[in-house]
J.: 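One structure is given below, represented as structure tokens, and several questions about it will come after.
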Amino acid sequence: MDQTNSNNHQPGNMSNDFYSFSQDTDNGPKKKTKAVRMTICAQVTGVALFCLGLVVGLLIGIYGFNGTAKNEVIQSGSSPSQSKVVGPNDINQTKSNKKVPKTFDKKHDHGHSHAARDPVVLQTPTRDSHGHSHGPVDSHGHSHGPIDSHGSRHTPLDTHAHDHPHPHPSVDNILNSPNVEATLPSTDTGLHKKPEPEMTCVPCRWTNPIDEVTEPELFAPINSTEMVKARDALYRDGIITVKPGQELGMNESYVQSMYLFPPDKAAALEYLDRFGPFPGRYVTATVIEGAKKEPQLMKYKVGPLEGDVENIKVSPLLKTNEVPFSHRPYDAVETREVILTVMSELYRINPMMQECFDSRSPYKDMSVMPNGPFIYNGERTSRWTAGLRGLGDKDFDFLNVLPLNGFIYHGGQNFSEWRVYNIFFLNQGPFESVDDLYKAYNTTDLFRIQYPKGTRELIKEITFPKRHPSQPVRPHSERVGAKTVEPTGPRYRLRGHTISWLGWDFSVTTTQHRGPAVFNVKFRGERVVYENALNDIGLLYSSDGAGQDNIFYTDSTFGLGESKTAISDIDCPAHASYIKSVMWSPRGMRGSEMLTICIFEVDAQEPIYRHKGDDIEVGMRNRYLVARYPTQLGNYDYLIDFQFHLDGKIVTTATATGFIQASYYNTISQFYNPENPERTPFGFKVSNDIIGPIHDHTFAFKVDLDVVNEQNDFELIHWKYGDVMDALRTVKKENATFPGYFFHNKTRYVEWEHVKNETEIDIDSKNPKFWTFVNNNAKNFWDVSRGYRLVPMHSGTQNIQDDHPEVQHLSFTEHHLTVTKRKENEQYVKPIYNPANPKDPDASRKYVKDMVDGESIENTDIVAWVALGFLHIPTSEDVPMTTKVTSGFTLKPMNFFDSTAVFDLPSHAVGVNKTAYDEEPAEAPCQFNTFSVQG
């Protein structure tokens, strides 16, 4: 009913004639019938109430429809102007006039001035009357920086880093993250409307997934109690000289790291499969023996850890002086001293730091990043790069790098003998000391740089990853996004570090240097994988800049297991369960427990299979279990996933995110091209003053497959093209003639290659090969050897050659796959330390390339060393944060089963005449509470 019609029925608009009563024409008495009066009164009252209710309901409905709007004020952000390289005359003028110079040049003997760019006036960003930020304006009045949607110019700065071990923070209570459910208010007025039936939803029936641990765990990480036992045993034997609470020094012997010593496989299988004795739990203790006359790094096997300390034995794992003191890996004790030594030198020239980099002091505003490698010309020497801190005073910042770098010798145990030398400033140098640099800075023969005032604070504002207030909010982004729920609680079971889920059983663990691993992986009672373990991550950087060229890292040196507590609902969903791991703290001389490994089931929201025909409809929703290990090393963050699928697949992924490690954008380089300034041979310019240097990430995994048992073979299936007879002769080579039923004499076909000896293989897209691990002693129902196929995610191949100085340490990145015979003393792709003699034949320090020595891999226990990753050319989209990039591989059943391995699970199956043969479990429907409506 519209407003006009409703007004026609209001009492004020009633016609008097309509309700008048006429007298009789005769002179008799007036007849006023009582019943008529009552009827009329009732009608008037009803109409009045109806109209009143209609008006009230209409007003409430309009108010509910429109709501109350909240206007959000979007403020414009600001960004610092780009720093400027200037000549010495300009600096002198700046010092005298206290103004930013307008030009820069380099004076040569001929007296010519060569400007690297158009003259630029350095100004801090300004805001107009609307609050918009405008970038720096040059002497011609031109504004530099991109224009945003509001007409404002913004010139963001960038930062990046590759960090080193540092003390762990306190454990976050990430389990106390409540599930928030939003309820919408009712807009029903309840006026003149029958109440609807009330719905009451059946609550979720959550089940506790944790079972009691009733027997010792073979593969679980070393716990804090076991670490204390091992520490006390080492102190008892005089191997370490420090007690808890004692300050560590380079002349002391202390435990650098502790992690699980892997059990002998034969003993482990005897225990797991044949009720043999428990092999015992042992720890690998890496000890810096600084108290010895000849200091060295030594590794010890300590255990068994089940008994008292008096019964624990300590056995050396290396020979005396096998790893000299100068070849030990980094640790937090040494890294701290390296950083403080460099900072103390920079503080001596603090006026230069203030003038060039808008810094109050190096200790407050600058970071020092030791860069690999840490052996140079046979000495323990590292390169270092300075940067500004965009993340506060606690975190390293490898994004906001500065054109200031050099070398530090940090060999020996006497800090007074350490020295900072070979210093470069804007690629000018090397200067033997900071004093020599400062002298040159105060002369007229050096290019200089000046960051505008306010740069330091604006870098902090821009670098911290958060929503930019200058950008409009995306529509509906304030609403809660989609989430996965567990209507009846977890379907997995946790027993310590052993997980069971829908036919899968495995143990998850981690070690301080190598990171996460899964052991004893079984599907429906049969072992598929004995060990699938991250071993190392290799990175090699290329850049045009002192201190930034040829940086390489092998992250096991710094500790892939140096993890932090997971970020709840970011690293892992809110419904995940967490498993603890323990990291050894050298300074605290104890283990630090953290919730690092999360377990959860994923709803992929896609079919694992489906088919819809004219009279059939079948399918199954794809779900899988994930064991995830988030970790962080300096600027990069990694997530390592082990995924277990319903059809028997195991997917292993490595994801990289975090900050890039940047390189300074040097406009005075002889290779700077002003006609094409945004590109360099080593990457793009991605922000003010920095480029994103090209590099790679190669993830190395050790995959010890046991397909049914240990007696396995490695076979290649070549995908080929050729003549029909070429194809047919792969199975029968004699007495074969061309059959007349082939349409063409060209065909594609496969050819099997039985690989007899250890080998190295690379991905070749033009000549594809299937990498298969089979058990020729075990056949499926169709008399085909049962096996698993290793399917790599395609990646770029490392292209360094043998003439690269660091090729030995990065040798595990040279091939995508290496297959070797399994040996107990060939545990890892490379050592965590630098052996004094890398060519020593002792297997304990072999690199994976040295393991390939022609041994037979037929019908034996074999290992696949997988090295996959990606080549990274950073772009502006990587600043300030790199969104995730993933690589990895899949272990896929290859005739392992007789048929598709999911039909022991409920599925959606509707057949002829819509007959429902099966259906997957579903949530219980909401139930109605019925009640009577009184009328």
Side-chain angles (χ1 to χ4, degrees), residues 162-166 248-252 254 256 288-297 321 323-349 353 362-363 366-387 396 398 401-425 427-440 541 545-554 557-558 634 805-806 809 832-838:
H162 196 287
D163 209 2
H164 300 275
H166 47 78
L248 293 186
M250 301 296 288
N251 58 350
E252 299 285 354
Y254 60 90
Q256 186 189 57
I288 303 296
E289 296 186 340
K292 285 193 171 182
K293 184 177 180 181
E294 249 188 281
Q296 64 175 351
L297 176 139
N321 294 324
V323 183
F325 193 64
S326 61
H327 286 57
R328 70 195 186 278
Y330 275 118
D331 62 22
V333 179
E334 182 187 25
T335 302
R336 177 177 180 271
E337 297 301 331
V338 167
I339 293 171
L340 289 176
T341 301
V342 176
M343 280 194 170
S344 65
E345 289 293 291
L346 296 181
Y347 186 72
R348 294 177 56 226
I349 56 173
M353 300 296 99
Y363 293 106
M366 296 174 66
S367 61
V368 171
M369 300 152 277
N371 295 326
F374 53 84
I375 301 294
Y376 182 70
N377 288 339
E379 292 186 327
R380 192 167 184 83
T381 299
S382 295
R383 293 185 296 172
W384 56 268
T385 299
F396 281 127
F398 282 38
V401 295
L402 298 173
L404 179 64
N405 39 66
F407 286 69
I408 176 172
Y409 166 75
H410 50 108
Q413 299 167 278
N414 188 348
F415 296 151
S416 64
E417 296 178 354
W418 292 12
R419 68 182 186 277
V420 177
Y421 69 104
N422 273 15
I423 303 165
F424 287 85
F425 176 71
N427 278 359
Q428 300 167 108
F431 299 96
E432 184 58 28
S433 67
V434 294
D435 295 328
D436 292 341
L437 169 62
Y438 198 45
K439 289 177 184 177
Y541 286 78
Q548 297 292 303
D549 63 300
N550 280 310
I551 293 175
F552 90 88
Y553 301 104
T554 54
T557 302
F558 304 100
E806 306 298 340
H809 304 296
I832 60 170
Y833 46 81
N834 287 9
N837 179 13

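Numbering of residues begins at 1 and proceeds along the displayed sequence.
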J.: Short question: side chain of Gln413, backbone of Gly290 - any donor-acceptor pair under 3.5 Å?
T.: yes

J.: Specify whether Phe558 and Tyr330 have parallel, tilted or perpendicular ring planes, treating 30° as the upper limit for parallel and 60° as the lower limit for perpendicular.
T.: parallel

J.: Report the residues that fulfil side-chain hydrogen bond (donor to acceptor under 3.5 Å, both in side chains) with Arg348, sequence neighbours left out, ordered by chain and then residue number.
T.: Glu345, Asp435

J.: To the nearest 0.5 Å, what is the distance between CH2 on Trp384 and CG on Asn371?
T.: 10.5 Å

J.: Give, for atom CD1 of Ile288 and atom CD of Glu252, the distance between the pair rounded to the nearest 0.5 Å.
T.: 13.0 Å

J.: Does Glu289 have any side-chain hydrogen bond (donor to acceptor under 3.5 Å, both in side chains) partners at least two apart in sequence or in another chain, and if so, which?
T.: Lys292, Gln296, Tyr300

J.: Over 60° means perpendicular and under 30° means parallel, so classify the ring planes of Tyr421 and Phe407, tilted if in between.
T.: tilted

J.: Under the ring pair (Phe, Tyr, Trp, His ring centres under 6.0 Å) test, which residues partner Phe431, sequence neighbours left out?
T.: none

J.: Exactly one of Asp549, Asn405, Asn550 should register a side chain to side chain donor-acceptor pair (under 3.5 Å) with Arg383. Which one does?
T.: Asp549

J.: To the closest 0.5 Å, what do you measure between CZ (Phe325) and NE2 (His327)?
T.: 13.0 Å

J.: What closest approach, in Å, do Val434 and Ile349 show between heavy atoms, and which atom pair accounts for it?
T.: O-CG2, 3.8 Å

J.: Applying side-chain hydrogen bond (donor to acceptor under 3.5 Å, both in side chains), name anything that partners Ser367, two or more places apart in sequence or on another chain.
T.: none

J.: Is a side-chain N or O of Asn422 found less than 3.5 angstrom from the main chain of Gly406, in a donor-acceptor match?
T.: no

J.: Which heavy atom of Leu402 sits nearest to which heavy atom of Met366, and what is that distance?
T.: CD1-CE, 3.8 Å

J.: Looking at CD1 of Ile423 and CG of Leu437, how far apart are the two atoms once the value is rounded to the nearest 0.5 Å?
T.: 6.0 Å

J.: For Thr341, what residues pass the side-chain contact (heavy atoms from CB on, under 4.5 Å) criterion, not counting sequence neighbours?
T.: Ile408, Trp418, Val420

J.: In Å, rounded to the nearest 0.5 Å, how long is the span from CG of Asp331 to CG of Leu297?
T.: 9.5 Å

J.: At their closest point, which heavy atom of Met343 faces which heavy atom of Pro362, and how far apart are they?
T.: CE-O, 3.6 Å

J.: Tell me if the aromatic rings of Tyr347 and Tyr363 count as close, with their centers under 6.0 Å from one another.
T.: yes

J.: Would you find a donor on one side and an acceptor on the other, under 3.5 Å apart, between the side chain of Gln256 and the backbone of Pro329?
T.: yes

J.: Kindly give the heavy-atom pair with the smallest separation between Phe424 and Ala546, and that separation in Å.
T.: CG-CB, 3.4 Å

J.: Among residues at least two apart in sequence or on other chains, which ones pass side-chain hydrogen bond (donor to acceptor under 3.5 Å, both in side chains) with Glu334?
T.: Arg328, Arg380, His410

